[in-house]
K.L.:
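Take a look at this one; I'll ask things after.
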Amino acid sequence: MKTIIEPFKIKSVEPLRFTTESERTDLLRIAHNNPFYLRSDDVLIDLLTDSGTTAMSSKQWAAVMDGDEAYAGSRSYFAFEDIVRDLTGFSHIIPTHQGRAAEKILFSIIGGEGKYIPNNTHFDTTRANIEFSGAKAVDFLTDIGKSPETIADFKGDMDIPTLIDFIEEVGRENIPLIMITVTNNSGGGQPVSMANIRAVRRVCDTYNIPLFLDACRFAENAYFIKLREPEYAHRTARDIAREMFSYADGCTMSAKKDGMVNTGGFLAMNDEEWAMKARNVLIITEGFTTYGGLARRDLEAMALGLDEVLDENYLHYRIRSTEYFGEKLTAAGVPLMLPTGGHAIYIDAKRFAPHIPVHQFPGQSVVCAIYRHGGIRSCEIGSLMFGKTDAHGVHQAPPMELVRLAIPRRVYTQSHIDYCIEVICEVYEQRHHLRGMTLQYEAPFLRHFTARLEYI
Ligand code: F0G
């Protein structure tokens, strides 16, 4: 069959609220041209994030009812721990309310002044938590990964030679761990190959540095390995995921992505001493070790979600439907980061609006235009999110200016996506009207969330 259908039926629905273009023009102005300030009721199709926006299955909802809300030693914790241990093989499984809580705990233990944490590309909260601890977050993505036009299978791969040079330069004693983000969200949702994970593992062995995965989208990464790395073609996604984790000493996880839940996460590791420290911080900041800031019912939903996400009918539909979105836009000439990643479409704003210089936030201008035209909310991943102003007041741009349209799991159907394609194509046809923007307000960390912008 050519048509890949959604591998689920819909049991419960939520109405969408329609607005007019002139209403949205006003709403955007009130929102300081930052869709993070919009009310979701004013958004028709919300592609701001695939995080925590999942539709849970009827089995997950049933498990929620069955949660054991005990403060300590909850049965729901042990169900969760079993699933995570079976998947990852790690000894210590520490639940947290979401991914950044796991990051905060990890880096408050092992970060600090003078330390460096390499990654293929740090996600913004990971970078912020590292830098908040006083350490430095450094990225080692291959050049191919930074080139939106280049088609390649594993554009999330770490640049090994540069990583080795860096370790030699700063000294292994200043690198408490190396991370790999699967899939590489900030670099276009691109997968990391098993060969690359193994190569990073070898570097870690040589220098005796632990390896951690940022595992948010581990299942999508595993499925890409199955599709693109020939020796894995006949292995199950579950098996591939297990092998990915087997090369690591621990992971941080936001279960709001491939955990298929609306909130939840965990920190997992093999090191006993680090785990003890982490649990102590957990108790101060999140909650007791068997719930970590979550209702116990959330742990039940997470346990099932981590299992459901590895269903290959689901993964096939997930990866193929994202690719379909990308194919239609590419056919219309819309410049995208290619190939499409797992969880999102990334528009290359530098080519979409080449007349807007990077310090005038071309990505944010595209984000606003897509909302104004069709009520679709997307997110800038470029100069607004990662740009910095140096001591001389000069804008330091990141390598790419992207607009992310992230697809919530099991939420929208193909006709919703067809509508999005139409809207984006129409904005593209009128791209010459897009205007640059200037910042009116920025916070010291993670400025994109609360930034206020004005058209120039
Ligand atoms: N790491 C990656 C790769 C992420 O994509 C995210 C979240 C986190 C860590 C932090 O997890 O939100 O549970 O605290 N990404 C969301 C997104 C916010 O929209 O991509 P969290």
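Whatever order the structure lists ligands and atoms in, that order sets their numbers, starting from 1.
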K.L.:
What pairs with Glu6 under side chain to side chain contact (heavy atoms under 4.5 Å, CB included), at least two apart in sequence or on another chain?
P.N.:
Phe8, Tyr317, Thr413, Gln414
K.L.:
Quick one: do Arg377 and Asp42 make a salt bridge, cutoff under 4.0 Å?
P.N.:
no
K.L.:
Salt bridge (Lys or Arg N to Asp or Glu O under 4.0 Å): which pairs involve residues 115-129, sequence neighbours left out?
P.N.:
Arg127-Asp139
K.L.:
Do Tyr291 and Tyr71 make the cut of ring centroids closer than 6.0 angstrom?
P.N.:
yes
K.L.:
Using the test side chain to side chain contact (heavy atoms under 4.5 Å, CB included), find all partners of Ile417 that sit at least two apart in sequence or belong to another chain.
P.N.:
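By the side chain to side chain contact (heavy atoms under 4.5 Å, CB included) rule, Ile417 matches Tyr324, Phe325, Ile421.
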K.L.:
Just to be sure I understand the cut-off, which residues have at least one non-hydrogen atom under 4.0 angstrom from an atom of ligand 1?
P.N.:
Thr49, Ser51, Gln98, Gly99, Arg100, Glu103, Phe123, Thr125, Thr181, Asn185, Asp214, Cys216, Arg217, Ser254, Lys256, Lys257, Arg404
K.L.:
With side chains defined as the heavy atoms from C-beta onward, is the minimum distance between Ile370 and Ile347 less than 4.5 Å?
P.N.:
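Counting from C-beta outward, Ile370 and Ile347 do come under 4.5 Å.
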